[in-house]
Amino acid sequence: MLDFLYFVFVFPLENLLALILSAIFSAVGNVALSIILLALLVNFFLTKTLRYSHKKSVFEAERKKRLDERINRWKTVYSKAKVFAFTQTLYRQNHYHPIFALSALGGLAIQIPFFYAMYFVIKNGNALPNTDFASISAIDSSLGIHILPILMTAITLFNVFLSSKETSARLQGSIIAVLFLILLYEMPHALVLYWTTNMAFSLCRTLFKTKININKSDLPKVEKPPK
């Protein structure tokens, strides 16, 4: 069953990424730069989808916040049984389910198939002459740690705490960042660089949106004339 899913969903994407990566490497002649350009190309390709996923997650987060405020007020007045019953009715009236809170992971879910396909591209070694970088290996040996996965995790955590003020969202993002640190700590540099570029691109997108929101908040509010 897993082989069937791989050949249906991952294998075509793997071959496409390998073909594009080979073309980029033939043009630039640098492994690290080729990985970075491929990651940027994938992110630009997914821009509209990621934008929709972000809007959906913001919408669900705001809706959950409004519902939670009402539920918290009920908790100060009613018993647990009544609060539970009222909560179920509230969710049903608003067509809401707690699983919708996972919409914040939508962007990650979109990127996972490309990451998985990229793993096989790097593993097979058909698109690049080497997947480890001598300069980074030298730094790792001198420090006694793998510096690239740690840099990736730092970028991810910075993005998590910048993009959300919700404790649950920050905890969720931090857990995912640590899981990727464990998963990629011993992986080839090329694969770690690919995901680090994705995280850096996501951070730049967050910084851009934050700047836009700050500029909007600085604009003077124009009061509407009375009717």
Side-chain angles (χ1 to χ4, degrees), residues 1-56 105-141 146-156 158-159 163 176-177 179-209:
M1 183 63 179
L2 292 177
D3 291 339
F4 173 77
L5 294 175
Y6 165 76
F7 281 107
V8 171
F9 296 105
V10 179
F11 185 70
L13 188 57
E14 174 191 343
N15 283 273
L16 178 61
L17 291 180
L19 182 64
I20 297 173
L21 184 59
S22 297
I24 295 175
F25 179 73
S26 299
V28 301
N30 183 279
V31 175
L33 182 58
S34 300
I35 292 290
I36 293 173
L37 291 176
L38 177 64
L40 293 177
L41 186 63
V42 170
N43 275 277
F44 281 121
F45 174 74
L46 296 175
T47 295
K48 288 187 177 180
T49 308
L50 293 172
R51 188 182 299 157
Y52 171 78
S53 175
H54 175 72
K55 288 182 178 179
K56 180 67 175 176
L105 301 177
L108 178 65
I110 294 168
Q111 289 276 11
I112 287 298
F114 291 85
F115 170 77
Y116 194 51
M118 194 63 189
Y119 165 77
F120 285 102
V121 171
I122 300 299
K123 181 182 177 182
N124 295 333
N126 298 327
L128 297 173
N130 62 292
T131 57
D132 280 323
F133 311 135
S135 56
I136 296 181
S137 297
I139 296 174
D140 292 347
S141 299
H146 295 294
I147 190 66
L148 197 54
I150 294 176
L151 175 63
M152 173 197 71
T153 306
I155 293 173
T156 305
F158 184 50
N159 187 30
S163 61
I176 293 173
L179 287 177
F180 268 90
L181 173 63
I182 297 171
L183 177 65
L184 297 179
Y185 193 75
E186 298 288 345
M187 288 292 179
H189 295 149
L191 184 62
V192 183
L193 179 62
Y194 172 81
W195 194 248
T196 302
T197 305
N198 284 339
M199 295 299 99
F201 187 87
S202 179
L203 175 60
C204 291
R205 192 164 57 238
T206 301
L207 290 171
F208 180 72
K209 291 176 182 176

For the atom pair [atom1] ([X]) and [atom2] ([Y]), what is the distance rounded to the nearest 0.5 Å?
| X | Y | atom1 | atom2 | result |
| --- | --- | --- | --- | --- |
| M152 | Y194 | CE | OH | 13.5 Å |
| F25 | N30 | CZ | CG | 7.5 Å |
| I150 | I155 | CD1 | CD1 | 12.5 Å |
| L183 | I176 | CG | CD1 | 12.5 Å |
| N124 | N15 | CG | CG | 9.0 Å |
| F133 | I139 | CZ | CD1 | 12.0 Å |

Between [X] and [Y], is there a donor-acceptor pair closer than 3.5 Å when you use the side chain of the first and the backbone of the second?
| X | Y | answer |
| --- | --- | --- |
| D132 | P188 | no |
| S26 | S22 | yes |
| T153 | P149 | yes |

Any idea which heavy atoms bring [X] and [Y] closest together, and the distance?
| X | Y | result |
| --- | --- | --- |
| I24 | S34 | CG2-CA, 3.7 Å |
| A127 | A18 | CB-O, 3.7 Å |
| V192 | L184 | CG2-O, 3.4 Å |
| S53 | I110 | CB-CD1, 4.0 Å |
| L13 | P113 | CD2-O, 3.6 Å |
| H189 | S137 | CE1-OG, 3.1 Å |

- When you look at L50 and N43, which way does the side chain to side chain contact (heavy atoms under 4.5 Å, CB included) test go after all the steps? CA-CA 8 Å; L50 293 172; N43 275 277; 4.2 Å; yes

With a 4.5 Å heavy-atom cut-off, do [X] and [Y] have their side chains touching?
| X | Y | answer |
| --- | --- | --- |
| T197 | L40 | yes |
| N198 | F114 | no |
| L128 | I35 | yes |
| L37 | L21 | no |

- Message: Set out, in order, the CA-CA distance, both residues' side-chain angles and the distance that settles side chain to side chain contact (heavy atoms under 4.5 Å, CB included) for W195 and M118, then state yes or no.
- Response: CA-CA 10 Å; W195 194 248; M118 194 63 189; over 6 Å; no

- Message: Determine whether I122 and M187 satisfy the following criterion, side chain to side chain contact (heavy atoms under 4.5 Å, CB included), listing intermediate values before the conclusion.
- Response: CA-CA 10 Å; I122 300 299; M187 288 292 179; over 6 Å; no

- May I ask you to check whether F120 and F11 place their ring centers less than 6.0 Å from one another?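 Here the rings of F11 and F120 have centres that are no less than 6.0 Å from each other.
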
- Does the gap between the ring centers of Y119 and F115 come in under 6.0 Å? no

- Task: Would you sort out whether Q111 and V42 count as a side chain to side chain contact (heavy atoms under 4.5 Å, CB included), showing the intermediate values?
- Result: CA-CA 9 Å; Q111 289 276 11; V42 170; 4.3 Å; yes

- Sequence neighbours excluded, the answer for side chain to side chain contact (heavy atoms under 4.5 Å, CB included) partners of L41 is I20

- With sequence neighbours excluded, tell me which residues meet side chain to side chain contact (heavy atoms under 4.5 Å, CB included) with S163.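 Applying side chain to side chain contact (heavy atoms under 4.5 Å, CB included) to S163 gives N159, T206.
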
- Query: Should the pair F201 and F44 be assigned to parallel (<30°), tilted (30 to 60°) or perpendicular (>60°) ring geometry?
  - Reply: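 The arrangement is perpendicular - the two ring planes meet at more than 60°.
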
